[in-house]
Protein chains: 2
Amino acid sequence: MVAMERRDPEQDERLRSEIWEALYDFFMAEHERNLEAVAELGVSPGDLKALMRLAPGRGEPMRALADMWRCDASTVTWIVDRLQKQGYVERRPHPTDRRVKVVALSAEGEELRERMLRRLYRPPAVLSELSPGELAALHRVAARLAPPADQ
Amino acid sequence: MVAMERRDPEQDERLRSEIWEALYDFFMAEHERNLEAVAELGVSPGDLKALMRLAPGRGEPMRALADMWRCDASTVTWIVDRLQKQGYVERRPHPTDRRVKVVALSAEGEELRERMLRRLYRPPAVLSELSPGELAALHRVAARLAPPADQ
DNA sequence: TCATAATGTTGGATATATCAAAGTATCTGT
DNA sequence: ACAGATACTTTGATATATCCAACATTATGA
């Protein structure tokens, strides 16, 4: 409809807004459905967030979790307590500093995390309806949006 | 790299998953930043959800809100009480049914809602870095993902 | 009209989430 | 060695969010 070489900044801005609104609405709706689905597995939004942010096979000191989650140390105690009672994480001693407790996913925790990820990352049906060209374009965009893999 | 006419279903599936994971991560990160931003304005996630779901200029009976939000009637009472104390919504009588209370955004509520929307829908910086071609492709995809406007 | 249903509120219970203050154990630098 | 910092926990307070049961008010249908 519009000449491709046109670069009106104001119009570009409107286009970006229109795109972002549509995508945002779509993602929020998907996310809400996902939260309901994981809730049915007895996983609270807080549990989910914590589970997602614990790298499998690698433990983190409580202190590091408080920094990562930007909350109080005692909040971490509370959250980890709950996850531990459910058997999803373990507190392990730090090899050199006996003050530190290293929190790591248990086998059950890793399994649950996997299941959650499969649910969250399940591509919505509409994605299957896109043409190969659209899919390729979206792929390039997604690659651009993805945060630069930290080192 | 790969011939365009190739349609390996398994490979398509992997491509869709890859795209969705990247997009999902990106949106969740954005959303979290947004929640922090609105929290600084004294708006809880629940307030935000309620505010976003109240169409400006149109009131809804409490009962309708309970159905829309899929929660107990007394939960709606609680949420609306809080929003009303903050001055963002009003309870109005129903024109014909005196049992019903119609909840509508106040002027302040509409204003707050507008501010929230501007924040949520603010396109992220990366979007400005996309090429016109990428932006156009994303636009088509966004139009496809957008839920069919009801009726 | 009169039993029944629906709307919304109140009160009580519980879960989730957060912080601040105070305490215990351990570490570190001088 | 010891004073001060750091890591974590406990306790107590508060906010958010939800449900259920009981209730008052109002509508509806037989």
Side-chain angles (χ1 to χ4, degrees), chain A residues 31-32 34-54 59-86 88-104 112 116, chain B residues 31-32 34-54 59-86 88-104 112 116:
Chain A
H31 185 55
E32 210 150 308
N34 285 339
L35 283 185
E36 282 167 22
V38 303
E40 280 171 20
L41 296 172
V43 177
S44 77
D47 290 342
L48 181 68
K49 210 168 96 174
L51 244 21
M52 292 304 109
R53 286 176 173 190
L54 273 177
E60 297 280 359
M62 303 283 284
R63 179 69 252 162
L65 295 180
D67 293 339
M68 189 191 308
W69 299 343
R70 275 185 281 182
C71 65
D72 196 86
S74 58
T75 302
V76 175
T77 295
W78 184 84
I79 293 174
V80 170
D81 274 357
R82 262 189 43 248
L83 290 173
Q84 191 170 28
K85 265 179 218 135
Q86 297 175 280
Y88 297 137
V89 302
E90 295 165 1
R91 279 173 165 97
R92 297 171 189 159
H94 189 276
T96 65
D97 189 335
R98 284 187 299 167
R99 290 171 306 179
V100 174
K101 292 177 186 165
V102 176
V103 180
L112 178 63
M116 300 291 97
Chain B
H31 185 55
E32 209 151 309
N34 285 339
L35 284 185
E36 282 167 22
V38 303
E40 280 171 19
L41 296 172
V43 177
S44 76
D47 290 341
L48 181 68
K49 211 168 95 175
L51 245 20
M52 292 304 109
R53 286 177 174 189
L54 274 176
E60 297 280 358
M62 303 283 286
R63 178 71 252 160
L65 295 180
D67 293 340
M68 188 190 309
W69 299 345
R70 275 184 282 182
C71 65
D72 195 86
S74 58
T75 301
V76 176
T77 295
W78 185 83
I79 293 173
V80 171
D81 274 357
R82 261 188 45 247
L83 289 173
Q84 193 171 27
K85 265 179 219 136
Q86 297 176 280
Y88 297 137
V89 302
E90 295 164 0
R91 278 173 165 97
R92 298 171 189 159
H94 189 276
T96 64
D97 190 334
R98 283 189 298 165
R99 290 172 305 179
V100 173
K101 290 175 189 168
V102 176
V103 180
L112 179 64
M116 301 289 98

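Reminder, nothing fancy here: chain letters follow the sequence lines and each chain counts from 1.
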S.K.: Tell me whether the OP1 or OP2 atom of D:dT18 has a side-chain N or O from B:Arg70 closer than 4.0 Å.
M.R.: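 Answer no for this pair, as no side-chain N or O of B:Arg70 is under 4.0 Å from OP1 or OP2.
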S.K.: Roughly how many Å is it from CD in A:Gln86 to P in C:dA15, rounded to a whole number?
M.R.: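 Atom-to-atom, A:Gln86 to C:dA15, this comes out as 12 Å.
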S.K.: For B:Pro61 and for A:Asp97, locate the closest nucleotide of DNA chain C by heavy-atom distance; then report the residue assigned to the nucleotide nearer the 5' terminus.
M.R.: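 First, find each residue's nearest nucleotide; the 5'-ward one identifies B:Pro61.
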S.K.: B:Asp72 has an atom CG; how far is it from atom P of D:dC23, in whole Å?
M.R.: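 So the CG-P distance, B:Asp72 to D:dC23, works out to 17 Å.
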S.K.: Out of C:dG8, D:dT18, D:dA7, which has the shortest distance to the side chain of A:Val100?
M.R.: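 The nucleotide sitting nearest to the side chain is D:dA7.
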S.K.: Give me the atom names and distance for the closest heavy-atom approach of A:Leu65 to A:Val80.
M.R.: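 Distance-wise, the nearest heavy atoms are CD1-CG2, 4.2 Å.
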S.K.: Quick check: closest heavy atoms across A:Gly42 and A:Asp47, and the distance to 0.1 Å?
M.R.: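 Smallest heavy-atom distance, with atoms named: O-OD2, 4.2 Å.
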S.K.: Could you work out which one of D:dT18, D:dT9, C:dA25 sits closest to the side chain of A:Arg99?
M.R.: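 Between D:dT18, D:dT9, C:dA25, the one nearest the side chain of A:Arg99 would be C:dA25.
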S.K.: Whole angstrom is fine here: how far is it from CE in B:Met62 over to P in C:dG8?
M.R.: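 Nearest whole value for this atom pair: 6 Å.
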S.K.: If I take atom CD in residue B:Glu60 and atom P in nucleotide C:dT7, what distance separates them, rounded to the nearest angstrom?
M.R.: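 Going from B:Glu60 (CD) to C:dT7 (P), I get 14 Å.
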S.K.: Which heavy atom in A:Leu54 sits nearest to a heavy atom in A:Glu60, and how many Å separate them?
M.R.: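 Between these two residues, the closest heavy atoms are CD2-CG, 4.4 Å.
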S.K.: Within less than 4.0 Å of OP1 or OP2 of C:dA25, is there a side-chain N or O belonging to A:Arg98?
M.R.: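 So the side-chain polar atoms of A:Arg98 never come under 4.0 Å of the phosphate oxygens OP1 or OP2 of C:dA25.
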S.K.: Quick one: closest heavy-atom pair of B:Gly59 and B:Ala104, and the distance?
M.R.: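 Looks like CA-CB, 3.9 Å.
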S.K.: If I take atom CZ in residue B:Arg63 and atom P in nucleotide C:dT9, what distance separates them, rounded to the nearest angstrom?
M.R.: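 Rounded to whole Å, this separation is 12 Å.
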S.K.: CD1 of A:Ile79 versus C1' of D:dT10: gap in Å, rounded?
M.R.: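 The answer, rounded to whole Å, is 16 Å.
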S.K.: Shortest non-hydrogen contact from B:Ile79 to B:Ala50?
M.R.: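 Where B:Ile79 meets B:Ala50 most closely, the heavy atoms are CG2-CB, 4.2 Å.
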S.K.: Would you indicate which nucleotide in C:dC19, D:dT16, D:dC19 comes nearest to any side-chain atom of A:Thr75?
M.R.: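 Nearest to the side chain of A:Thr75 among the choices is C:dC19.
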S.K.: Which residue lies toward the 5' end of DNA chain C, B:Arg91 or A:Gly46, if each is placed at its nearest nucleotide?
M.R.: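 Closest to the 5' end, via its nearest nucleotide, is B:Arg91.
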S.K.: If the cut-off is 4.0 Å, is B:Lys49 near the phosphate of D:dA17, judged by side-chain N/O to OP1 or OP2?
M.R.: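 It does not, given that no N or O in the side chain of B:Lys49 lies less than 4.0 Å from OP1 or OP2 of D:dA17.
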S.K.: How many whole angstroms separate atom CH2 of B:Trp78 from atom P of C:dA15?
M.R.: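 To the nearest whole Å, that distance equals 17 Å.
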S.K.: Please classify the nucleic acid contact of B:Ser74 as base, sugar-phosphate, or nothing, using heavy-atom distances under 4.0 Å.
M.R.: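 Base, at least one base atom sits under 4.0 Å.
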S.K.: Just to confirm, is there a sub-4.0 Å distance from OP1 or OP2 of D:dT16 to any side-chain nitrogen or oxygen of B:Arg82?
M.R.: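 Result: yes.
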S.K.: Among C:dG8, C:dA17, D:dA17, which nucleotide has an atom closest to any side-chain atom of A:Ser44?
M.R.: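 Of the options given, the side chain of A:Ser44 lies nearest C:dA17.
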S.K.: Would you mind classifying the nucleic acid contact of A:Thr77 as base, sugar-phosphate or nothing, using non-hydrogen atoms under 4.0 angstrom?
M.R.: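 It contacts base atoms.
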S.K.: Could you tell me the separation between the CG atom of A:Asp81 and the C1' atom of C:dT16, rounded to a whole number of Å?
M.R.: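 Spelled out: CG on A:Asp81 to C1' on C:dT16 is 14 Å.
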